[in-house]
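Everything on this sheet refers to the single structure shown next.
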Protein chains: 2
Amino acid sequence: MNNFKEKKVITIGTVSELTGLSERQIRYYEERKLISPERTKGGTRKYSFEDVEKLVLISEKMDKGMGTFEIRKEDKKAKQKDLHEMLKGQINAAFHIRK
Amino acid sequence: MNNFKEKKVITIGTVSELTGLSERQIRYYEERKLISPERTKGGTRKYSFEDVEKLVLISEKMDKGMGTFEIRKEDKKAKQKDLHEMLKGQINAAFHIRK
DNA sequence: CGTGTAAGGAATTCTGACACG
DNA sequence: CGTGTAAGGAATTCTGACACG
């Protein structure tokens with residue numbers, strides 16, 4: 001019940017205000033697979049606070065001259081690292097249970 | 001930076017989905033001073049996750065046959081209690097600093 | 001009192017495209 | 001490549017009112 005940050009509930013206009021990015025930029029970053037908003041039945045995009053945070057990071061990287069392709073690559077690496085940590089944790093847990 | 005729950009960013013349609021209440025009900029509870037959404041420049045209402053939680057509680061109380069007036073009274077009492085606790089805490093703190 | 005609804009208008013968002021570079 | 005913009009349409013929201021009870 002406490003995953004507010006991950007709930008997709010914010011419309012693009014509000015995201016634009018929160019991040020300082022234009023709606024055009026936000027939609028473009030979606031096209032480049034950097035974020036994945038949900039949609040209402042009518043087709044309106046809905047973002048989470050997590051998306052907003054991601055967008056701020058993306059914005060900073062773009063300012064540094066990084067391209068969307070590299071940003072996506074970095075993002076993937078980060079996710080794999082997370083997955084790695086998770087698996088490590090589970091393996092450890094299993095190990096401790098066994099002994 | 002971590003007050004997601006209090007940020008007014010959700011539109012009424014989404015709040016309706018999250019709570020199961022009709023937009024009519026949500027607007028009416030505002031009229032009865034049970035919640036206080038913000039507005040965009042254009043006049044669109046924006047709610048926080050906190051508002052959503054409040055609405056769920058309100059909904060339960062309405063189901064029990066409670067009226068909006070009593071609900072508002074209860075809400076006020078709760079707030080005064082919170083304030084009381086807070087002051088008590090500060091007085092305590094001040095006391096401990098003095099001795 | 002609390003809520004549904006039809007009405008008309010305004011604000012918001014959407015897509016595909018052209019432009020610049 | 002990344003972003004601005006004008007274009008036309010569709011989805012969303014708004015208010016004030018009438019209805020029922």
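Computed from a predicted model, the values in this text were never measured in an experiment. Every chain is numbered from 1 and lettered A, B, ... according to where its sequence line falls, protein lines coming before strand lines.
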- Do other residues, nucleotides or ligands put more than 12 heavy atoms under 6.0 Å from the NZ atom of B:K7? no

- Message: Heavy-atom nearest nucleotide on DNA chain C for A:T14 versus B:L21: which residue maps closer to 5'?
- Response: B:L21

- Message: Without decimals, in angstroms, what is the distance between B:E30 CD and C:dT3 P?
- Response: 15 Å

- Query: Quick one: do the A:S36 and A:K54 side chains pair a donor with an acceptor below 3.5 Å?
  - Reply: no

- Examine D:dT13: is either OP1 or OP2 under 4.0 Å from a nitrogen or oxygen in the side chain of B:R45? Give yes or no. no

- Note on the structure: Closest to the side chain of B:Q25, out of C:dT3, D:dT13, C:dT12, is C:dT3

- B:Y29 vs C:dG2: side-chain N/O to OP1/OP2 distance below 4.0 Å: no

- Item | Any A:T44 side-chain N or O less than 4.0 Å from OP1/OP2 of C:dC14 | no

- Note on the structure: To the nearest angstrom, the CZ-C1' distance between A:R27 and D:dT3 comes to 12 Å

- Message: Just so I know, are the side chains of A:L34 and A:I71 near enough to count as touching, which here means a heavy-atom distance under 4.5 Å?
- Response: yes

- Spacing of B:I10 atom CD1 relative to C:dT12 atom C1', expressed in whole Å: 17 Å

- Between B:T11 and C:dT12, does any side-chain N or O lie under 4.0 Å from OP1 or OP2? no

- Item | Atom-pair distance (OH on A:Y47; P on C:dC14), nearest Å | 6 Å

- Item | Distance in angstrom units between A:I26 CD1 and C:dT12 P, rounded | 15 Å

- Query: When you measure from the side chain of A:R39, which nucleotide among C:dT15, D:dT13, D:dT15 comes out closest?
  - Reply: C:dT15

- Counting just side-chain N and O atoms, does B:T68 come under 4.0 Å of either OP1 or OP2 of C:dG2? yes

- Item | For atom CG of B:L55 and atom C1' of C:dG2, their distance in whole Å | 15 Å

- Message: Check this for me: does any side-chain nitrogen of one of A:K46 and B:E17 sit under 4.0 Å from a carboxylate oxygen of the other?
- Response: no

- Nucleotide nearest B:M62 (side chain, heavy atoms from C-beta), chosen from D:dT15, C:dT3, C:dC14: C:dT3

- So does B:Y28 get a side-chain nitrogen or oxygen closer than 4.0 Å to the phosphate oxygens (OP1/OP2) of C:dT3? no

- Item | Complement of D:dC20, any strand, by Watson-Crick or G-U distances under 3.5 angstrom | C:dG2

- Message: Using Watson-Crick or G-U wobble geometry with both distances under 3.5 Å, which nucleotide pairs with D:dA7?
- Response: C:dT15

- Task: Spell out, as yes or no, whether a donor-acceptor pair under 3.5 Å connects the side chain of A:D51 to the backbone of A:S48.
- Result: yes

- Take atom CD of A:E23 and atom P of C:dC14, then tell me their distance rounded to the nearest Å. 7 Å

- Item | Options D:dG2, C:dG4, C:dG2, nucleotide nearest the side-chain atoms of B:R24 | C:dG4

- Item | Side-chain touch B:E70/B:K61, heavy atoms, less than 4.5 angstrom | no

- Task: Let me know the distance between NZ of A:K46 and C1' of C:dT13, rounded to the nearest Å.
- Result: 10 Å

